[in-house]
Amino acid sequence: MTPDPRTPNAPRTPLTSLPALATALRGLSPSCGPVRLIAVDGHAGSGKSTFARRLAEALGGAPVLRLDDIASHDHLFDWTERLRRRILDPLSRGETARYAAYDWTERRFGPAEQTLPPAPVVIVEGVGAGRRALRGHLAAVLWMDVPREAAWQRGRRRDGVVQRDFWDGWEPAELRHFTVDPSRPFADLLVRQCPEGYEVLRGPGGASAGTQAVTQGEGPSAVR
């Protein structure tokens, strides 16, 4: 039986430095026009935003699209067409994408316009970033490998009681989404946060050429 690396007694996979991961991702073929579009997916509360920010820094300031800016209260997961029109179509033409970000307090889009340039690597971060409708535009899918209940508990602690009603509605909506359109089985890499940094393992999808290098152990992580 293969030990589960998430259990305390399992052998530890060497930590992967974010610069090593960044180098591997830069080596992938463009997937959306000139852009290597990298999805960082996972359950709400799994650490996607923090990891995406740190990965963007390792990539020298790569642009990050937060799916929270594309989704809304009325369309928690039904945002694929908006993403295609506002983001994918311009990037595929080598153009800067322009969009109004959703304000979760005011419950409306805008009014300020956001821009997303067609950089060599662009990160798309959020629940459902690796969904079926987007995978043809993605160079790689990275999955934050935190169990659902643990991620949700972390998210609830982070957001506090003021967001309790939102979480009560979010959890069944996320469960329905991933039941119909799971991302983890198609992940090229699994990312597991440790006290010292990140473990990056080859994922169930594991088809992206060049990403295997980051699972071989690159010494201490750049993230502390």
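Treat the numbers as computed from the prediction; the structure is a model and nothing was measured.
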Atom of H43, atom of S46 and distance for their closest heavy-atom approach: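 Smallest interatomic distance, heavy atoms only, reads O-OG, 2.7 Å.
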Measure the shortest side-chain to side-chain distance between [X] and [Y] over non-hydrogen atoms and say whether it is less than 4.5 angstrom.
X    : Y    : result
R156 : F166 : no
M144 : Y198 : yes
V124 : I87  : no
L83  : L65  : yes
Q163 : R158 : no
T16  : E199 : no
W170 : V127 : yes
T50  : E125 : no

Hphob cluster co-occupancy, V191 + F186, side-chain heavy atoms under 4.5 angstrom: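 They do not share one cluster, since no chain of ILVMFWY contacts under 4.5 Å joins V191 to F186.
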Kindly say whether [Y] contributes a backbone atom to a donor-acceptor pair with the side chain of [X] at under 3.5 angstrom?
X    : Y    : answer
D181 : R131 : no
T115 : R98  : no
D145 : R192 : no
R36  : L28  : yes

Determine whether I123 and L142 satisfy the following criterion, side-chain contact (heavy atoms from CB on, under 4.5 Å), listing intermediate values before the conclusion. CA-CA 10 Å; I123 299 171; L142 280 59; over 6 Å; no
As a test of understanding, state which of W79, F109, W104 forms a ring pair (Phe, Tyr, Trp, His ring centres under 6.0 Å) with H73.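 Answer to the ring pair (Phe, Tyr, Trp, His ring centres under 6.0 Å) test with H73 among W79, F109, W104: W104.
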Salt bridge (Lys or Arg N to Asp or Glu O under 4.0 Å) between E81 and R84: does it pass, once the steps are laid out? CA-CA 5 Å; E81 180 58 22; R84 184 191 64 76; 2.3 Å; yes
Pick from L21, V141, V40: which one makes a side-chain contact (heavy atoms from CB on, under 4.5 Å) with L189?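 The option that passes is L21.
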